[in-house]
> 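Provided herewith is a single structure, encoded as structure tokens, for subsequent inquiry.
We use all heavy atoms of the structure for the numbers below, so side chains are in, but hydrogens, waters and symmetry mates are not. Below, chains carry the letters A, B, ... as their sequence lines are ordered, and counting in each starts from 1.
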2 protein chains.
Amino acid sequence: MSNVKDKKKAIFRVTLKLIAKQGFHNTPMSQIAKLSGTSAGIIYHYFENKEDLIHSLHYEVKTGMAQELISKDDPQLHIVKRFKLLYMALLDYFINNPDLVEFMLQYENSPYEKKTMWKEDSNIVKLFNLINIAVKDKLIKPLPIEIISVFTATPLVALAKLHNKGIIELTDEMKVTAVESCWNAIKL
Amino acid sequence: MSNVKDKKKAIFRVTLKLIAKQGFHNTPMSQIAKLSGTSAGIIYHYFENKEDLIHSLHYEVKTGMAQELISKDDPQLHIVKRFKLLYMALLDYFINNPDLVEFMLQYENSPYEKKTMWKEDSNIVKLFNLINIAVKDKLIKPLPIEIISVFTATPLVALAKLHNKGIIELTDEMKVTAVESCWNAIKL
DNA sequence: TACATTAGAATGAACGTTCAATCTAATGCA
DNA sequence: TGCATTAGATTGAACGTTCATTCTAATGTA
């Protein structure tokens with residue numbers, strides 16, 4: 001039943017959920033172990049320590065996200081369409097994975113954030129390239145990728161979070177408006 | 001020399017800086033006490049406990065920010081100008097107060113965030129009203145304040161953070177572009 | 001038997017919080 | 001003015017708990 005892959009996945013899944021709900025420093029390793037159906041000690045076979053577990057989980061989450069996005073991309077479409085489709089996919093992904101959003105935001109705003117290095121052929125890098133193309137085509141403002149992201153991905157996460165927490169309720173119409181807003185922020 | 005107000009201020013100042021640098025759970029009360037030039041126990045005269053200290057500090061930070069902003073507002077100007085001026089002021093404020101940005105982001109993305117209630121006449125509320133006016137005047141999209149904020153304040157904090165951490169260097173020109181981007185995201 | 005895997009108890013350090021004792025300064029009073 | 005009283009501020013050691021990590025012994029496996 002439980003090979004290594006499964007056990008690691010279980011630990012990841014539980015850690016994500018617990019940290020989303022309780023925060024990093026309120027989720028003891030013992031609780032992670034118990035809810036993963038394993039023991040405290042075993043986690044240290046798979047991960048060096050708690051921090052390593054968190055960093056690994058974040059990497060997992062990020063690559064998973066990029067994979068999901070890439071799967072929705074359609075290179076046939078006009079590049080503007082592609083952007084909007086991807087932003088909508090991103091928004092939907094955040095709405096469908098509330099715990100992931102909470103975890104990601106906590107991690108990326110904590111002082112422990114490691115600047116993770118992406119493998120050259122990773123899906124993340126593919127997405128970056130799309131932005132570079134749009135810049136070259138003079139479709140969007142010639143700004144570094146980090147800034148483009150600040151005006152697109154960042155608001156979309158924040159928006160999904162509002163929705164997930166029930167502070168607002170996003171209608172389909174509002175989602176379209178939101179994607180438009182992102183595009184308007186960066187288009188030339 | 002040190003009346004109550006001063007001591008509380010000292011505790012706030014030190015807490016802000018330490019949490020910005022080390023994070024909530026890596027900032028022991030003892031360290032806060034030491035660097036505030038006081039003792040561990042005294043903090044518990046001013047605050048119920050560590051959480052209360054954090055919540056109070058966040059309230060302080062938020063009201064301070066709103067006050068700074070309001071002081072830059074010029075009701076004489078056209079409302080579009082007013083918006084852009086305020087966004088620029090906000091961006092500058094974040095750039096000039098990097099620790100504040102770190103603290104705010106950590107707090108607001110932690111599961112401990114309390115939905116703080118603002119006094120009806122607070123500066124925060126005044127700023128909200130400006131948005132409501134712009135909506136009525138059909139200058140910006142008719143979206144709830146929270147969403148407007150997601151497309152303006154949120155990217156600006158994130159942008160300032162990138163700059164403060166040295167990941168990008170914001171030129172004056174880029175700052176203007178950024179403010180434009182915010183406006184483009186919400187304008188009708 | 002030898003080795004890997006696992007469970008869960010044990011360890012020890014870190015930390016939030018408490019509290020009895022002391023200090024400070026303002027007020028009352030002669 | 002000079003002394004007494006009081007309330008609040010302050011200290012720092014001590015306490016009890018939590019928790020990451022390690023250890024030990026039991027179990028599975030070849």
Side-chain angles (χ1 to χ4, degrees), chain A residues 1-61 102-103 106-107 110-114, chain B residues 1-61 102-103 106-107 110-114:
Chain A
M1 195 256 299
S2 69
N3 59 40
V4 172
K5 275 270 167 69
D6 287 342
K7 191 134 279 187
K8 267 190 113 170
K9 259 190 199 159
I11 293 171
F12 274 153
R13 205 179 46 244
V14 167
T15 306
L16 181 77
K17 178 177 245 160
L18 287 180
I19 291 188
K21 294 265 167 5
Q22 309 176 341
F24 181 79
H25 53 290
N26 268 4
T27 41
M29 295 296 262
S30 54
Q31 198 187 10
I32 294 174
K34 185 180 280 182
L35 291 179
S36 309
T38 180
S39 72
I42 199 62
I43 300 179
Y44 291 86
H45 275 273
Y46 298 125
F47 306 98
E48 262 179 48
N49 49 37
K50 194 176 180 180
E51 278 214 3
D52 181 40
L53 165 59
I54 310 289
H55 289 312
S56 307
L57 173 53
H58 180 250
Y59 189 88
E60 197 78 1
V61 161
E102 290 299 315
F103 171 78
Q106 267 183 76
Y107 178 88
S110 84
Y112 310 108
E113 194 202 352
K114 249 186 195 164
Chain B
M1 195 259 297
S2 69
N3 60 41
V4 171
K5 276 269 168 70
D6 286 343
K7 191 135 278 184
K8 269 189 113 170
K9 259 190 200 160
I11 294 171
F12 273 153
R13 204 179 47 244
V14 168
T15 306
L16 181 77
K17 178 177 245 160
L18 287 180
I19 292 188
K21 294 264 163 16
Q22 309 176 341
F24 182 77
H25 54 289
N26 267 5
T27 310
M29 294 297 261
S30 54
Q31 198 187 12
I32 294 174
K34 186 180 281 183
L35 289 180
S36 308
T38 180
S39 71
I42 198 61
I43 301 179
Y44 291 85
H45 274 271
Y46 299 124
F47 306 97
E48 262 180 48
N49 48 37
K50 194 175 180 179
E51 278 212 3
D52 181 40
L53 166 60
I54 311 289
H55 289 311
S56 307
L57 173 54
H58 180 251
Y59 189 87
E60 195 78 1
V61 161
E102 290 299 315
F103 170 78
Q106 267 183 76
Y107 179 89
S110 84
Y112 310 109
E113 194 201 353
K114 249 187 195 162

> How far apart are the closest heavy atoms of Phe47(A) and Asp52(A), and which atoms are they?
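Nearest pair, atom of Phe47(A) first, then Asp52(A): CA-OD2, 3.5 Å.
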
> What string of B, S and - do you get for nucleotides 11-30 of chain D, 5' to 3', when a contact is any protein heavy atom under 4.0 Å?
BB-------SBB--------

> Between Ser110(A) and Phe24(A), does the side-chain contact (heavy atoms from CB on, under 4.5 Å) criterion hold? Intermediate values first, please.
CA-CA 10 Å; Ser110(A) 84; Phe24(A) 181 79; over 6 Å; no

> Roughly, in whole Å, what's the span from CZ in Phe47(B) to P in dA9(D)?
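After rounding, the reported distance stands at 13 Å.
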
> Are any of the side-chain heavy atoms of Phe103(A) and Ile54(A) separated by less than 4.5 Å?
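Yes, close enough: below the 4.5 Å cut-off.
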
> Is any side-chain heavy atom of Ile42(A) closer than 4.5 Å to a side-chain heavy atom of Tyr46(A)?
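A side-chain contact exists here, since the closest heavy-atom pair is under 4.5 Å.
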
> Atom NZ of Lys50(A) and atom NE2 of His25(A): how far apart are they, to the nearest 0.5 Å?
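NE2 of His25(A) is found 9.0 Å from NZ of Lys50(A).
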
